[in-house]
Amino acid sequence: MQIGLVGLGKMGGNMRERLRNAGHTVIGYDTDPEKSDVASLADLVNELEAPRTVWVMVPAGDPTQHVIDRLADLLKPYDTVVDGGNSRWTDDEKHAEELSKRGIGFVDAGVSGGVWGLKNGYALMVGGEKEYVDRLRPIFDALKPEGPYGFVHAGRVGAGHFAKMVHNGIEYAMMQAYAEGWELLEAVDSVDNVREVFRSWQEGTVIRSWLLDLAVNALDEDEHLENLRGYAQDSGEGRWTVEAAIDNSVPLPAITASLFSRFASRQDDSPQMKMIAALRNQFGGHAVESAKKA
């Protein structure tokens, strides 16, 4: 299958490689000419055969809106746009309506996998009309992990990004729990090998997970996380999750507390946030701040 891919950063670039490895033709565009296969969005669209599919992997908000506005002018009826970034689900509804007026389909795809997705595959949570989702199944099948799981058509437009938002809210709470446990272990005199305690949990325990594996990776690189500042950014999806919980009268005490803990990290050099920062760097390649800057 042939597809255009806009945004060739950490995830977009790896997605292009994974799709090509699966035999698909990918024409990529990025504002960085060294990464780009074509010189402009117009060139990308011209290279694609109808009906065209363009997958957008740029930051949420204004950058995504700008790309979709340009594609609305360039694409034709029966073409399809996929937003695979971390857009808010309410933006998806707006984009779908704008594109449908021109006969262009829209699919929102929540994508999880970070910098490990090239090797392990990407978990995909998709929203949109069945017609467009079914058309894209060869692409989804190539991106998802091997086996029966890792892909879901979650519902109508917006459902994919809403599901990914909740996924990230859960991720916040899980990382916070590991971070709190790590700080407590580091604080007591009786435990003198915290890294190996974490490693021992990787087999046979109910708290084993990929995040735990990544925590061990981080501790192998910096046993006491002394080289990190205790500062962790939030992506926006944690905030949206809490806002959606308020709108729907759903109690989310653990996720809400984990979000507020990140705000606290911006006031002091929090030991827990050293672990949060390390985990975000491990799974997503997110930037960390050196302790020397504190």
Side-chain angles (χ1 to χ4, degrees), residues 1-16 19 24 26-33 35-112 122 124-137 139-140 143 153-165 168 235-237 240:
M1 185 172 174
Q2 187 188 55
I3 188 170
L5 184 59
V6 181
L8 302 172
K10 294 170 185 172
M11 286 188 69
N14 283 346
M15 289 169 65
R16 174 174 62 175
L19 287 169
H24 296 288
V26 183
I27 301 168
Y29 170 71
D30 194 274
T31 53
D32 181 349
K35 298 177 181 178
S36 195
D37 300 319
V38 291
S40 67
L41 270 178
D43 289 343
L44 179 145
V45 171
N46 289 335
E47 291 278 343
L48 296 172
E49 299 173 0
R52 304 165 189 83
T53 297
V54 180
W55 188 304
V56 180
M57 288 295 293
V58 302
D62 290 342
T64 295
Q65 184 67 59
H66 173 73
V67 172
I68 289 179
D69 287 345
R70 286 285 294 124
L71 290 174
D73 292 333
L74 294 167
L75 295 174
K76 304 296 183 184
Y78 307 110
D79 293 344
T80 306
V81 172
V82 182
D83 180 5
N86 284 329
S87 294
R88 189 182 174 97
W89 78 96
T90 50
D91 289 344
D92 296 326
E93 295 166 353
K94 175 175 176 285
H95 295 153
E97 182 179 359
E98 291 169 348
L99 292 170
S100 68
K101 294 176 181 177
R102 303 181 183 228
I104 301 168
F106 178 82
V107 172
D108 59 287
V111 183
S112 181
Y122 300 89
L124 303 169
M125 295 143 272
V126 174
E129 295 181 19
K130 186 175 185 298
E131 171 191 354
Y132 301 119
V133 174
D134 288 348
R135 183 189 300 175
L136 291 163
R137 278 308 298 264
I139 297 297
F140 297 141
L143 288 172
H153 183 187
R156 62 183 178 83
V157 165
H161 280 147
F162 194 94
K164 176 59 163 47
M165 178 194 73
N168 282 24
S235 64
E237 290 175 298
W240 299 342

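All figures in this text were calculated on a predicted structure; none of them were measured in a lab. Index from 1, following the sequence.
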Give a yes or no on this: more than 12 heavy atoms of other residues, nucleotides or ligands lie within 6.0 Å of atom CD of E97.
-> no
Test side chain to side chain contact (heavy atoms under 4.5 Å, CB included) on I27 and L5 and set out the steps.
-> CA-CA 6 Å; I27 301 168; L5 184 59; over 6 Å; no
Any side-chain heavy-atom pair of V54 and Y29 under 4.5 Å | no
Kindly say whether P59 contributes a backbone atom to a donor-acceptor pair with the side chain of T64 at under 3.5 angstrom?
-> yes
Heavy-atom pair of closest approach, residues A72 and L99 | CB-CD2, 3.8 Å
V45 and K76, any side-chain heavy atoms less than 4.5 Å apart = no
Might you point out which heavy atoms bring A60 and S87 nearest each other, and give the distance in Å?
-> CB-CA, 3.8 Å
Under 6.0 Å from the CZ atom of R135, do we count more than 12 heavy atoms belonging to anything else shown?
-> yes
Can you tell me if D108 uses its side chain to pair, donor with acceptor, with the backbone of V157 under 3.5 Å?
-> no
Side-chain touch W55/V26, heavy atoms, less than 4.5 angstrom = no
Is there a donor-acceptor pair closer than 3.5 Å between any side-chain N or O of H161 and the backbone N or O of D91?
-> no
Any idea which heavy atoms bring L48 and G4 closest together, and the distance?
-> CD2-N, 3.7 Å
Should the heavy atoms of other residues, nucleotides or ligands under 6.0 Å from CG of D32 be counted, would the total exceed 12?
-> yes
Donor-acceptor under 3.5 Å (E49 side chain, Q2 main chain) | no
Given side chain to side chain contact (heavy atoms under 4.5 Å, CB included), test I104 with E98 step by step and report yes or no.
-> CA-CA 9 Å; I104 301 168; E98 291 169 348; over 6 Å; no
For atom CD of Q65, decide whether the heavy atoms of other residues, nucleotides or ligands shown that lie under 6.0 angstrom number more than 12.
-> yes
Within-4.5 Å side-chain heavy-atom neighbours: R102 and L75 = no
Closest heavy-atom pair and its distance - T53, L136 | CG2-CD2, 3.2 Å
Is it true that the side chains of K164 and N168 contain a donor and an acceptor less than 3.5 Å apart?
-> yes
Is there a side-chain contact between H66 and V58 (heavy atoms, below 4.5 Å)?
-> no
For the student: nearest non-hydrogen atoms of Y78 and P51, plus distance | O-CB, 3.4 Å
One should read off an interatomic distance between M165 CE and N86 CG, to the nearest 0.5 angstrom, of 11.5 Å
